[in-house]
Amino acid sequence: MENGSKKWGFRANKSLSTSSAVTVRGVLNVLLDNLNKEDTRQLIPLAHGDPSAFPCFRTTTVADEAVVDAVRSAKYNHYAPTVGLLPARRSVADYLNRDLPYKLSPDDVFLTLGCTQAIEITITVLARPGANILLPRPGFPYYEARAAHSHLEARHFDLIPEKGWEVDLDAVEALADENTVAMVVINPGNPCGSVYSYQHLQKIAETARKLGIMVIADEVYGHLTFGNSPFVPMGVFGSIVPVLTLGSISKRWIVPGWRIGWLVTSDPNGILQESGVVESIKGCLNISSDPVTFIQGAIPQIIDNTTEDFFTKINNILREAADICYEKIQDIPCITLSHKPEGSMFVMVKLNLSSLEGIGDDMDFCLKLAKEESVMILPGTAVGMKNFLRITFAIEPSALEVGLERLKAFYERHAKIQ
């Protein structure tokens, strides 16, 4: 690192490599590198929530046409306001208002580069010296990565498998102190496939109010439900506790690559405004990148014109795939499913290492599965649950069946001889 007699003055920020290693993308990259390049079979991707490559999950033509119209209009070739275009913000507010007992205004909505940037903005705004945030375990590891990057302490409360992965509210109360700023609730659940009841969400709101903390409601899988429990947005309880709602069109419309989401202050009492959080959000957006302007321009047409038939079709496909996943897993002795998925695109299963020979842990299992069977499954370690697996069923049902048959063959090859 020397330039003649002088040392170079730059160095890499090594903390970025550490943070990215614990994200879903970081783990997926490791699995991809471990694939057998000589295996000519189709790769079965059961590790991530992006079914857009499969024809049955093609987005609605309403969305396609809205983007084409926005581009051809030449009205959206400019920079957008940092908070987002007003018509798009109004459309998102109206969309969310369908499920709320009060009315959001466009001023409550901030457009972001997908839900990922909404997480970044939220964590950045809340980070201060000595502060901590309560995160679910298992959960979405990007929260941990961003908290570490922002020097915000992460504390974890467990989700209870036997109760449909409900929040352990006693643990939340035990973890919180005077420096706790918020708790994160992911509903419908990633990675668990859970959908919380109205009653459980109300208890979460009342607990957060008691502790004096806000609720960050990650609802990127909102309305992707196909079980007995309907989706109830956390914002319904905004009069009990201030809620930051995070969402996007990525999952419900099956367009994750379009990178548009929102951060919404679901707070009819104005607590987030009074505390300065809203101004901090605006300040953070002023130094951040914006969603593509023509996608923002397409949002009103996408939201207003998409029919219920499209949403019903997607949920029906997910229901069929979830049923296949549930039934096939019963025939694979090395994994145990405690709760049938009712929403999102995932299910968490427990890995029974005692039934396997030569498998060290969940990461070892997934690496060898990728190499031997060209099937990618996410190790539970990536989402905070060692020796569990997160399986996505949001792929073509026929491909899902092939992937689970290969998983069974992998088990039979590595099963411990009794």
Side-chain angles (χ1 to χ4, degrees), residues 10-33 47-49 112-159 167-168 171-172 174-186 189-192 208 211 213-220 244-246 248 259 261 263 277 280-281 283-285 287-289 346 348 361-363 366 378-388 390:
F10 53 83
R11 293 287 189 279
N13 182 347
K14 294 183 179 179
S15 67
L16 292 176
S17 298
T18 303
S19 296
S20 65
V22 298
T23 64
V24 170
R25 287 184 176 183
V27 175
L28 288 178
N29 287 336
V30 173
L31 295 177
L32 281 169
D33 289 341
H48 64 102
T112 57
L113 273 163
C115 197
T116 300
Q117 191 189 38
I119 294 172
E120 293 175 11
I121 298 293
T122 300
I123 296 297
T124 302
V125 164
L126 295 177
R128 66 168 191 266
N132 65 77
I133 187 169
L134 308 183
L135 304 178
R137 182 173 52 207
F140 183 53
Y142 195 67
Y143 285 96
E144 281 86 352
R146 289 308 308 185
H149 185 65
S150 298
H151 306 289
L152 177 63
E153 179 192 353
R155 299 179 179 180
H156 294 88
F157 57 86
D158 288 329
L159 305 181
V167 174
D168 185 341
V172 169
L175 286 168
D177 60 22
E178 67 277 4
N179 292 315
T180 304
V181 294
M183 66 179 291
V184 171
V185 176
I186 305 174
N190 174 12
C192 303
L211 298 172
I213 62 177
M214 74 169 70
V215 175
I216 299 167
D218 186 326
E219 296 176 353
V220 72
L244 285 180
T245 299
L246 283 53
S248 78
R259 311 310 299 143
L263 171 58
V277 168
S280 291
I281 291 171
C284 200
L285 288 168
I287 55 173
S288 301
S289 299
F346 309 104
M348 283 290 284
D361 57 19
D362 57 320
M363 189 67 188
C366 292
L378 193 73
T381 299
V383 294
M385 290 282 279
K386 187 174 177 62
N387 294 331
F388 275 71
R390 189 193 78 171

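Predicted, not measured: the structure shown is a model, and the values here were computed from it. Residues: numbered from 1 along the sequence shown.
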Novice: Where do Leu378 and Ala47 come nearest, in terms of heavy atoms and distance?
Specialist: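 Looks like N-CB, 3.7 Å.
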
Novice: Counting distance only, does the side-chain N/O of Asp168 pair as donor-acceptor with the main-chain N or O of Asp158 below 3.5 Å?
Specialist: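 No; judged by distance alone, with no hydrogens or angles, the pair does not exist.
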
Novice: So, does Arg155 use its side chain to make a donor-acceptor pair with the main chain of Leu175 at under 3.5 Å?
Specialist: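 At least one qualifying donor-acceptor pair exists.
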
Novice: Judged by atom type as modelled, is there a donor-acceptor pair below 3.5 Å linking the side chain of Arg390 to the main-chain atoms of Cys192?
Specialist: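 Answer holds: no.
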
Novice: Are the side chains of Leu152 and Thr124 in touch, meaning some heavy atoms are under 4.5 Å apart?
Specialist: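 Leu152 does not reach Thr124 side chain to side chain.
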
Novice: Is there a side-chain contact between Val27 and Pro379 (heavy atoms, below 4.5 Å)?
Specialist: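 They are in side-chain contact.
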
Novice: Could you give me the CA-CA distance, side-chain angles and deciding distance for Arg137 and Val383, then say whether side-chain contact (heavy atoms from CB on, under 4.5 Å) is met?
Specialist: CA-CA 7 Å; Arg137 182 173 52 207; Val383 294; over 6 Å; no

Novice: Check whether any side-chain heavy atom of Val181 lies under 4.5 Å from a side-chain heavy atom of Arg128, and answer yes or no.
Specialist: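 Touching, per the 4.5 Å side-chain cut-off.
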
Novice: Under a 3.5 Å distance rule, please check whether Thr23 uses its side chain to pair with a backbone N or O of Gly26 as donor and acceptor.
Specialist: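 The answer is yes, because a donor-acceptor pair under 3.5 Å joins these two groups.
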
Novice: State, yes or no, whether a side-chain contact exists between His48 and Leu28 at a heavy-atom distance under 4.5 Å.
Specialist: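 His48 vs Leu28: side chains touch.
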
Novice: Exactly one of Val184, Ile133, Thr122 should register a side-chain contact (heavy atoms from CB on, under 4.5 Å) with Tyr143. Which one does?
Specialist: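 Looking at Val184, Ile133, Thr122, the match for Tyr143 under the side-chain contact (heavy atoms from CB on, under 4.5 Å) is Val184.
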
Novice: Kindly say whether Ser289 contributes a backbone atom to a donor-acceptor pair with the side chain of Gln117 at under 3.5 angstrom?
Specialist: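 Yes; judged by distance alone, with no hydrogens or angles, the pair exists.
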
Novice: To the nearest 0.5 Å, tell me how far Ile119 CD1 sits from Leu263 CG.
Specialist: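 The CD1 atom of Ile119 sits 10.5 Å away from the CG atom of Leu263.
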
Novice: As an exercise, state the distance from CG of Asn179 to CD1 of Ile213, rounded to the nearest 0.5 Å.
Specialist: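 Rounded to the nearest 0.5 Å, the CG-CD1 separation comes to 12.5 Å.
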
Novice: Under 4.5 Å between any side-chain heavy atoms of Arg259 and Thr112, yes or no?
Specialist: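 Not touching, per the 4.5 Å side-chain cut-off.
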
Novice: Which value, rounded to the nearest 0.5 Å, describes the distance between Met348 atom CE and Met385 atom CE?
Specialist: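 It comes to 5.0 Å.
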
Novice: Sequence neighbours left out, what passes ring pair (Phe, Tyr, Trp, His ring centres under 6.0 Å) with Phe140? Give chain and number order.
Specialist: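 Per chain and number, Phe140 pairs via ring pair (Phe, Tyr, Trp, His ring centres under 6.0 Å) with no residue.
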
Novice: Any side-chain heavy atom of Leu244 sitting closer than 4.5 Å to one from Val215?
Specialist: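 With C-beta onward as the side chain, the pair stays apart.
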
Novice: For His149 and Glu120, which I'm curious about, is there any donor-acceptor pair between the side chains at under 3.5 Å?
Specialist: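 No, because no side-chain N or O of His149 sits under 3.5 Å from a partner of the opposite role on Glu120.
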
Novice: What's the spacing between Ser248 OG and Asp218 CG if we round to 0.5 Å?
Specialist: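 Those atoms lie 9.0 Å apart.
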
Novice: Taking Asn387 for the side chain and Asp362 for the main chain, is one N or O donor matched with an acceptor at less than 3.5 Å?
Specialist: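 Between the backbone of Asp362 and the side chain of Asn387 there is a qualifying donor-acceptor contact (under 3.5 Å).
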
Novice: Are Phe157 and Met183 close enough that some pair of their side-chain heavy atoms sits under 4.5 Å apart?
Specialist: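 Phe157 reaches Met183 side chain to side chain.
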
Novice: I'd like to check the side-chain hydrogen bond (donor to acceptor under 3.5 Å, both in side chains) partners of Thr245; sequence neighbours left out, ordered by chain and number.
Specialist: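 side-chain hydrogen bond (donor to acceptor under 3.5 Å, both in side chains) check on Thr245 returns Ser266.
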
Novice: If you apply the rule side-chain contact (heavy atoms from CB on, under 4.5 Å), what do you find for Val167 with Leu159, and how did you get there?
Specialist: CA-CA 5 Å; Val167 174; Leu159 305 181; 3.9 Å; yes

Novice: For a side-chain contact (heavy atoms from CB on, under 4.5 Å) check, start with the C-alpha distance between Tyr142 and Thr116, then their side-chain angles and the critical distance, and finish with the verdict.
Specialist: CA-CA 8 Å; Tyr142 195 67; Thr116 300; 3.3 Å; yes

Novice: Report the distance from atom CG of Leu246 to atom CD1 of Ile186, rounding to the nearest 0.5 Å.
Specialist: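 The CG atom of Leu246 sits 10.0 Å away from the CD1 atom of Ile186.
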
Novice: So, Asp177 side chain and Thr180 main chain: donor-acceptor pair closer than 3.5 Å or not?
Specialist: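 Yes: the side chain of Asp177 pairs with the backbone of Thr180.
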
Novice: Do Asp361 and Lys386 come close enough that some side-chain heavy atom pair is under 4.5 Å?
Specialist: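 Of all side-chain heavy-atom pairs linking Lys386 with Asp361, at least one is under 4.5 Å.
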
